[in-house]
Amino acid sequence: MRHLLKLVIVVVLLAWVSSPAQTDPPAEVDSVEVAEVTPPGPVTSLSVTDKDNDHGHATVLSWEASVDDSTGLANVISYEIFRWVPFAMDHVDSLRGQLSGLRAEIAAAEDVTDEMETRLDLLEAAFDAAIDNLPQAHGQYPQNGEWRSVGVVASGVTAYGNTGTKEPTSADYIPDYADLYYRVDAVTADPVVRTASEVYGPVQCYGQWFNTDRSPVLVAVLAFGFFTLLFVTLAKKGTDLYVRPLAGIEAVDDAIGRATEMGRPILYVLGLGSAADVATIASFTILGRVAKRVAEYQTALIVPTYEPIVMTVAQEVVKSSYLDAGRPDDFKEDTVFFVTQSQFAYVAAVNGIMLRELPATCIYMGKFFAESLILAETGALAGSIQIAGTDEIAQIPFFIVACDYTLIGEELYAASAYLGREPILLGSLKAQDYAKALVVAFSVIGLIFANLEWTWFVDLFHVAN
Amino acid sequence: MKRQFPLFLVFIFGLFMVFQYFVPHETSEWVYEFLLDWILVIGIFALALGIWSLYKVSVDKIKTRKANWGYSYVTLFGLFVMILFGFTSQNGDSWGWYFIFVATVMLTIGMVIQAMVSSGQKGLSLILAGVFLVASVLIGMFDNAWSFHFYTAEGLQNSMFRAFFDHILIPILSTMFSLLAFFIASAAYRAFRARNLLASLLLLAALIVMLRFNPYLSPIFGDYMAKTSNWLMNVPNMAAQRAIVIGIGLGIVATALKVILGIERGYMGKG
Amino acid sequence: MSRTAVIVFAIVVVLFAVSWVAKAVVLSDTSDSGTLDAFLVTVAAFLTLAIYSFLYKDNPYYKFAEHLFVGVSAAFWMCQGFWTTIVGNLLPRLSEGMANWFMQPYQPGGYDLGFLNLSYTVLYWIPVILGLLLLMRLSPKGGWLSRWPLALIIGTTAGLNFVRYLRSDFIVQVSSTFVPLLGQEPHQWQGIGAFFSNFSLDASGQFVALLANWVIFIGVFCGLVYFFFSKEHTGLFGRASRVGIWVLMITFGASFGYTVMGRISLLVGRLTFLFEDWLGLIT
Amino acid sequence: MNNIGIIISLVLIFGGLLWLLIRSIGGHEVDRRVIFLFIFLSVAAPVIFRITFQEKATPVVEALFDRIENLPPGSNVLLSFDFDPAMAPEVQPMANAISRHCLNNGYNVVFMSLWATGQSLMTTTLSRVILPEFPELVDGVDYINIGYKAGNEGVLNVIVSDFRKMFPTDVNSVPLDSTEIFKDIKSCADLDLIIALGGGRPGPKEWVLFVGDPADVPVGVGVAAVVAPQLYPYYPQQIVGILGGVKGAAEYEQELTSHHERFADMDTPGIDMMGPQTLAHVVIMAFIVIGNIVYFRSRGKGGKS
């Protein structure tokens with residue numbers, strides 16, 4: 001017992017030395033009282049590293065549990081993590097508070113005085129200087145600073161991530177390239193009774209230039225890029241590339257012919273996607289093809305659009321198709337027009353167009369949402385032949401049910417390659433197919449391995465974040 | 001230059017976005033966040049373009065006396081009145097001359113449009129527009145019951161703005177959406193016919209799932225109907241969804257790559 | 001206008017006028033602005049019925065509602081976009097003066113690239129300029145300039161999509177197909193009785209879960225075969241692709257059936273409005 | 001009175017269907033307007049004469065309910081109202097039930113919206129329906145409404161690393177930094193559960209792709225029935241539970257009312273709405289049958305001629 005008491009005193013003293021400014025130094029505790037709750041053994045082998053694969057401003061701590069964590073005295077209930085923070089940080093905090101207060105004041109003020117602006121400029125400069133000074137202030141360890149708690153974890157846990165923000169304007173800012181020092185206390189039910197670990201430091205956090213967690217994605221990117229370039233090169237060399245026919249695509253030409261015979265217009269709906277959506281990009285290519293045919297047959301084309309940018313692009317596409325067909329003069333600006341960027345207002349307008357213009361053919365290609373069925377049923381009411389294509393899975397069933405031909409999912413993207421019959425586009429379609437074959441192959445291999453419980457293969461496909 | 005430079009931009013920005021995904025460093029993050037913000041800002045300018053196009057289409061329709069041209073006045077009225085509401089708001093409880101003001105502004109715009117579309121006699125319309133304009137300016141200057149708000153979003157709280165939203169936009173919008181209840185029935189009637197194997201599968205699956213949503217019918221079929229349809233939604237559905245998702249995912253990846261490399265350039269106006 | 005149209009119009013006007021008056025009388029007990037509220041409810045009911053009239057056939061009332069809807073919604077989005085994005089997010093970063101004028105907190109900031117210190121103010125002018133270039137679309141000569149901002153948007157999004165979908169829809173989905181097929185933990189065979197009594201996926205084990213995994217695997221496999229473009233669908237390959245399209249069709253049918261309920265709810269919502277808020281038939 | 005109404009409307013509907021069935025044997029197609037009329041009747045009658053019944057929770061619903069039920073008190077939960085009034089009949093009941101559930105269990109609840117139209121719905125829901133039931137809760141401490149920001153997925157891209165960059169203040173212009181609830185929340189990674197309510201875009205799928213996956217936060221979803229099957233591939237790895245359409249809402253309401261006595265008498269719009277569902281489903285199925293009879297009759301005739 002006397003031996004233990006001695007040990008306790010030593011440990012407590014040690015803790016006191018290593019934490020000169022802790023708010024409730026355990027050293028003040030009477031050693032008689034300590035005997036009631038014996039301080040636990042300290043955390044050992046504390047190590048702190050910069051957090052990997054991030055933008056910096058974060059560290060990761062790991063340690064070995066105290067001997068009294070669920071074993072021995074079993075009195076550790078939590079670990080408290082401390083970081084040594086220079087007083088310069090308080091200065092930063094105070095400046096930050098003043099700055100946001102002043103900004104709020106200026107924003108609320110009826111008119112801003114020169115005095116306010118001068119104050120703001122000064123304050124901003126002081127704040128920047130204080131931030132720049134932080135690494136140097138950290139270098140002064142252990143002078144001009146104190147230990148501050150950054151977090152608590154339950155007993156049994158032996159790791160902690162001290163993640164700060166990168167914005168100096170945030171209170172959680174942790175500077176990069178500054179010497180950080182850490183310590184972990186093993187805490188008992190009586191928070192006063194605790195044992196500090198040895199101090200670990202200095203350690204600096206910084207941002208990485210490559211996220212190794214994402215390596216599987218990089219491999220996939222490279223493989224995909226390689227396949228695409230390979231097949232495009234092959235296609236350019238004139239290798240014959242077979243692609244199976246798609247009913248929906250072949251129907252497009254017939255439908256244009258039908259419209260010409262009936263002397264009724266063709267309605268082309270680009271959907272609700274933005275110009276950057278892949279479905280819309282594919283749809284532009286199909287629109288180009290349709291517009292060219294329309295120009296050749298001199299049929300009318302109506303393209304109501306939902307998005308202003310889509311309208312801009314569609315105008316360009318249709319215009320150059322007319323140019324290609326050698327009939328630039330037949331192009332009318334109002335072929336492509338903007339309706340409104342509100343889903344159902346757009347639908348209401350397109351419905352109206354269908355029932356008034358009675359198009360011979362309606363083509364819906366792009367992104368569609370709930371309106372798909374409203375459009376397709378109204379089109380059926382107007383007696384049109386309807387061809388649809390979308391990558392919105394939820395809407396495919398409605399198009400399948402209500403339209404004459406439907407391009408399912410990626411068939412829409414493939415359509416642009418079909419229509420153009422350009423070797424380059426066909427080549428990339430091949431690449432896509434081979435990637436799919438790879439998926440199947442990986443699935444089969446992965447399945448077998450998963451069932452044999454060889455997890456390493458499955459782990460290859462694990463992308464942490 | 002006109003076509004090559006944009007393609008070059010696409011390449012550069014596309015490549016950057018691919019690279020930044022692998023670079024956690026602050027600098028890359030920072031540029032990334034900026035680019036996303038930029039896209040938002042550019043999108044707002046596009047909206048202005050859209051409003052202009054809507055205005056132009058409507059006015060052209062009136063001008064060329066296309067079928068149903070009269071309704072374009074309704075569109076223009078809705079457009080301008082709602083914008084006006086969005087930038088004004090009541091100061092107290094009383095509306096004062098507000099509605100007269102709105103009417104004079106609308107008449108001003110109407111007269112200007114009239115002058116634009118008519119081939120002869122522009123003079124009278126312009127004079128009237130001037131008169132209404134003066135009237136509305138005078139009301140605006142001397143009526144204190146309401147005011148313009150160009151720099152705080154009070155217009156959005158304007159009770160007329162809200163009223164138009166709640167009693168015009170919302171009812172029409174929800175009603176349009178609810179048309180689907182009727183159309184889903186007519187589509188089911190028209191298309192769910194056992195013409196061939198595929199159509200029969202479609203029909204059968206739909207029937208089973210619909211039965212599952214009928215608690216009154218489950219006593220007849222027992223629990224199995226519900227469980228079968230649940231299984232349909234969870235298992236074959238899962239498989240098909242996954243096949244489509246993988247396909248679409250690859251398609252998007254391939255198309256994105258083609259766009260970055262400048263292989264797919266249909267969107268630039270050359271199919 | 002034909003004679004019938006005039007008569008119908010007159011009836012519609014009278015009916016809704018009566019509705020307004022009746023509603024105003026009812027509402028005047030509870031509200032100060034009963035007349036206005038009654039008017040608004042009546043307008044909403046009129047517009048609702050105008051849209052439904054489209055189910056019978058196209059008519060002037062539908063056309064009216066449609067055109068009004070287009071105008072009002074466009075303006076609504078414009079106002080929202082103006083206040084939230086331009087005033088809320090852009091202007092406070094463009095310049096301090098503008099931020100103060102619009103009574104928004106100024107959001108300065110910048111980044112030191114090492115060789116170049118950039119501030120927000122400069123950087124946010126770039127999208128403004130690009131946005132203005134987009135408007136060049138309106139000029140017959142400068143239209144080509146509008147491709148620049150477009151290129152930025154499309155390039156950025158393409159790059160984002162490229163890696164994002166490769167990860168989420170490809171790698172993650174592939175690894176999701178790695179499921180136990182042979183009955184290792186936690187799916188243990190618990191006898192034929194348990195199989196029939198617990199015919200669902202959440203069963204704590206069971207043959208069913210395994211069967212489900214097999215069906216999913218075969219379904220995904222055949223589905224992918226169906227989407228394979230470079231090979232003719234003949235022979236074994238053709239058979240797999242046929243199974244693929246069956247699975248797809250079953251799924252589409254099921255999804256369709258599943259959706260009916262949501263669509264009916266929407267109608268319930270509208271009818272509730274008509275019967276409750278307008279006609280007062282139910283409470 | 002109610003009973004008479006029910007009898008009359010049922011006779012009308014089923015009598016009419018029978019008549020159409022008999023006609024269909026003669027090979028007569030049904031005009032689409034007749035179908036529309038039947039749908040109208042089958043929905044209007046139960047709406048006027050109120051019919052309800054019991055629901056039983058399916059595993060996907062139960063999974064979400066249990067996940068919410070078993071969170072430790074003080075967990076940070078985010079509810080995103082990404083829907084518009086058109087979708088509200090389906091999604092609003094779930095939004096109400098889940099909001100009640102989270103607030104009742106003492107979680108820190110953050111409300112936000114990616115849809116402009118969602119914000120007003122959310123604010124109305126909170127101030128008129130939910131909060132009056134919980135007078136003990138304090139704004140900024142137990143819950144906070146940070147409102148809507150334009151930018152769709154862009155917003156998600158930002159808040160996944162920092163809330164304050166996109167939402168400097170809450171909906172009442174109170175800076176987030178000064179609120180109790182946001183003391184521990186920097187980014188989406190600090191949330192214990194995200195519940196995305198919606199069905200369009202941006203919506204649940206975007207929450208999973210842009211936030212749930214990268215920040216590794218569990219996401220639960222409440223969606224319009226049409227979107228639900230599309231989300232199944234993400235369950236249970238990327239989504240913890242799915243409420244699909246009114247059926248899902250009704251099941252959740254049933255769970256909530258049976259687990260928490262406090263809610264025994266709450267409004268159950270989801271359960272109420274199942275009445276019209278039943279009739280409408282029967283009518284649609286009847287029409288599918290009629291359609292097939294017509295088809296086979298006319299094919300039979302066509303084959304002979």
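Chain A is the first sequence line, chain B the second, and so forth, proteins listed ahead of strands; every chain is numbered from 1. A quick note: this is a predicted structure, and the numbers were derived from the prediction, not measured. Computed over heavy atoms, backbone and side chain alike; hydrogens, waters and symmetry mates excluded.
- To the nearest 0.5 Å, atoms CE (B/M176) and CG (C/L47) are separated by 12.5 Å.
- Heavy-atom minimum distance, C/A65 versus B/I172: O-CD1, 3.7 Å.
- For C/F227, the part lying under 4.5 angstrom from a heavy atom of chain B is the side chain only.
- A donor-acceptor pair shorter than 3.5 Å cannot be found between the side chains of B/N237 and C/Y258.
- Of the atoms belonging to C/L133, not a single heavy atom falls under 4.5 Å from chain B.
- Most heavy-atom pairs under 4.5 Å with chain B: of the set C/P60, C/G219, C/A50, this distinction falls to C/P60.
- Counting heavy-atom pairs closer than 4.5 Å to chain B, the top residue among C/I245, C/V41, C/L68 is C/L68.
- To the nearest 0.5 Å, the span separating OG on B/S174 from CD1 on C/I51 amounts to 10.5 Å.
- Of the atoms belonging to B/F8, not a single heavy atom falls under 4.5 Å from chain C.
- Heavy-atom pairs under 4.5 Å with chain C peak, among B/L84, B/I170, B/L173, B/L204, at B/L173.
- Note: B/W52 leads B/F22, B/W52, B/F77 in heavy-atom pairs under 4.5 Å with chain C.
- Scanning both residues, C/I216 and B/A239, for their nearest heavy atoms gives O-CB, 3.5 Å.
- Both the backbone and the side chain of B/L49 come within contact range of chain C, judged by heavy atoms closer than 4.5 Å.
- Of the listed residues (B/L35, B/L7, B/I168), the greatest number of heavy-atom pairs within a distance under 4.5 Å of chain C belongs to B/I168.
- The candidate from C/V163, C/N161, C/L36, C/I153 with the greatest count of non-hydrogen atom pairs under 4.5 Å with chain B is C/V163.
- Chain C forms the most heavy-atom pairs under 4.5 Å with one residue out of B/V81, B/V253, B/V259, B/T255, and that residue is B/V253.
- The shortest non-hydrogen separation linking C/W77 to B/L47 is O-CD2, 3.5 Å.
- The parts of B/A188 that come within reach of chain C are both its backbone and its side chain, each placing non-hydrogen atoms under 4.5 angstrom from that chain.
- In this structure, the separation between CD1 on B/I12 and OG1 on C/T156 is 11.5 Å, given to the nearest 0.5 Å.
- With a threshold of 4.5 angstrom between heavy atoms, C/V225 does not approach chain B through any atom at all.
- One distance of note links CG of C/L130 with CD1 of B/I42; it measures 4.5 Å at 0.5 Å rounding.
- Highest contact tally toward chain C, considering only B/L9, B/L198, B/L197, is held by B/L198 [criterion: heavy-atom pairs under 4.5 Å].
- Here the closest heavy-atom approach between residue C/Y165 and residue B/G249 is recorded as CB-O, 4.2 Å.
- A parallel orientation is assigned to the rings of B/F165 and C/F76, their planes being inclined by less than 30° (bins at 30° and 60°).
- At least one side-chain heavy atom of B/S178 sits less than 4.5 Å from a side-chain heavy atom of C/Y52.
- Atom CZ of B/F16 is surrounded by more than 12 heavy atoms from other residues, nucleotides or ligands within 6.0 Å.
- The two residues C/M249 and B/L202 have their closest heavy-atom pair at O-CD1, 3.3 Å.
- Minimum heavy-atom separation, C/A151 to B/P6: CB-O, 3.3 Å.
- Remark: the backbone N or O of B/A240 is not paired with any side-chain donor or acceptor of C/T251 at under 3.5 angstrom.
- Listed options B/L76, B/I39, B/L36, B/L203 were ranked by heavy-atom pairs under 4.5 angstrom with chain C; first place goes to B/I39.
- Put simply, of C/I126, C/V43, C/V70, the one with the most heavy-atom pairs under 4.5 Å next to chain B is C/I126.
- Around atom CZ of C/F46, more than 12 heavy atoms belonging to other residues, nucleotides or ligands sit under 6.0 Å away.
- For chain C, no part of B/F19 is nearby; none of its heavy atoms comes within less than 4.5 Å.
- Only the side chain of B/L54 comes within contact range of chain C, judged by heavy atoms closer than 4.5 Å.
- Heavy-atom distances place both the backbone and the side chain of B/I83 under 4.5 Å from chain C.
- With hydrogens and angles left out, the side-chain atoms of B/T175 and C/R270 include a donor and acceptor closer than 3.5 Å.
- For C/F54, the part lying under 4.5 angstrom from a heavy atom of chain B is the side chain only.
- Only the side chain of B/F182 has a heavy atom closer than 4.5 Å to any heavy atom of chain C.
- Most heavy-atom pairs under 4.5 Å with chain B: of the set C/L135, C/L134, C/L152, C/I218, this distinction falls to C/L152.
- Between atom CZ of residue C/F69 and atom CG of residue B/L169 there is a gap of 6.0 Å, rounded to the nearest 0.5 Å.
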Inset, instruction - Would you please test B/F34 and C/Y124 for ring-ring contact (aromatic ring centres under 6.0 Å, His included) and show each step? - result: CA-CA 9 Å; B/F34 254 108; C/Y124 275 94; 5.1 Å; yes
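- Taking the six-membered ring where the residue is Trp, C/H67 and B/Y71 present parallel rings, their angle staying beneath 30° rather than reaching 60°.
- At a threshold of 4.5 Å between non-hydrogen side-chain atoms, the residues C/F256 and B/M210 do not count as touching.
- One distance of note links CZ of B/F13 with CG of C/L160; it measures 12.5 Å at 0.5 Å rounding.
- Considering only heavy-atom pairs separated by less than 4.5 Å from chain B, the leading option among C/L145, C/L224, C/T157 is C/L224.
- Between C/F82 and B/F87, the ring centre distance stays below 6.0 Å.
- Within the 4.5 angstrom heavy-atom criterion, atoms from both the backbone and the side chain of B/I244 approach chain C.
- Residue C/L55 touches chain B through its side chain alone, counting heavy-atom pairs closer than 4.5 Å.
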